[in-house]
Amino acid sequence: MGGQDGFSRDMLSYNIDNNVLMGGINIKPSDTFKLGLNLTWTKSEAALDPFDLPADDYVAITPTMFYDFSRSHTYSDLDTTRVDAEVTAKWKLGDAFWLYGAWRYADFQDDAPYMYDTTGSVSFYTLAAGWSF
């Protein structure tokens, strides 16, 4: 499809691939104690197809541009991996009281940084006490 200056459009595709694997287990070794383990692994990739700016008629009468578009499609590339793990425990202290504890860990990997690396990890700790009345 030509335009006013001889431009034609280049239909681009944005390719996306996501994979997630999740699993968990809860066990109750006694009537008053529960343990839990949850794991999640995620791998995500996304990329824009390379593009060109075909405009032969326009290029013939216009000087070349200063900006190089040859790597522009790489600015939207995403390639990440994430692992989440959580361990929980709950202990009943009689009919009315309970204690709960949890540790959650998340590790994020930026497998293809292009402006800055966002790789990092974090841990969350939870301790709670409850009273039912």
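Heavy-atom basis, side chains included; hydrogens, waters and symmetry copies ignored. FYI, the numbering just counts along the sequence from 1.
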Applying side-chain contact (heavy atoms from CB on, under 4.5 Å) to K28 and N26, what does each step give before you reach the verdict? CA-CA 7 Å; K28 191 173 180 182; N26 289 306; over 6 Å; no
[X], [Y]: one ILVMFWY side-chain cluster at the under-4.5 Å cut-off?
X: L99; Y: I27; answer: yes
X: L37; Y: L127; answer: no
X: V83; Y: V122; answer: no
X: I25; Y: Y105; answer: yes
X: Y100; Y: V87; answer: no

Which atom of [X] lies closest to which atom of [Y], heavy atoms considered:
X: A102; Y: T88; value: CB-CG2, 3.9 Å
X: D110; Y: P113; value: O-CD, 3.3 Å
X: S44; Y: N18; value: OG-OD1, 2.8 Å
X: L35; Y: A89; value: CD2-CB, 3.8 Å

Do the numbers put K90 on top of the ring of W98, so that NZ or CZ is under 6.0 Å from the six-membered ring centre and no more than 45° off the axis?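 Satisfied, under 6.0 Å and within 45°.
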Within a reach of under 6.0 Å around CG of D31, are more than 12 heavy atoms found that belong to other residues, nucleotides or ligands?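 Not more than 12 within 6.0 Å, no.
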Take atom OH in Y14; do more than 12 heavy atoms of anything else shown fall under 6.0 Å from it?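 More than 12 within 6.0 Å, yes.
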Between [X] and [Y], is any pair of side-chain heavy atoms under 4.5 Å apart?
X: F108; Y: T119; value: no
X: T32; Y: W91; value: yes
X: D84; Y: R104; value: yes
X: V20; Y: T40; value: yes
X: D49; Y: N15; value: yes
X: T81; Y: W41; value: yes
X: K43; Y: D111; value: yes
X: L21; Y: N19; value: no

[X] side, atom [atom1]; [Y] side, atom [atom2] - distance, nearest 0.5 Å:
X: D17; Y: L78; atom1: CG; atom2: CG; answer: 12.5 Å
X: D77; Y: E45; atom1: CG; atom2: CD; answer: 9.5 Å
X: R82; Y: S121; atom1: CZ; atom2: OG; answer: 11.0 Å

Treating T80 as the side-chain partner and Q109 as the backbone partner, does any N or O pair qualify as donor plus acceptor under 3.5 Å?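 Answer holds: no.
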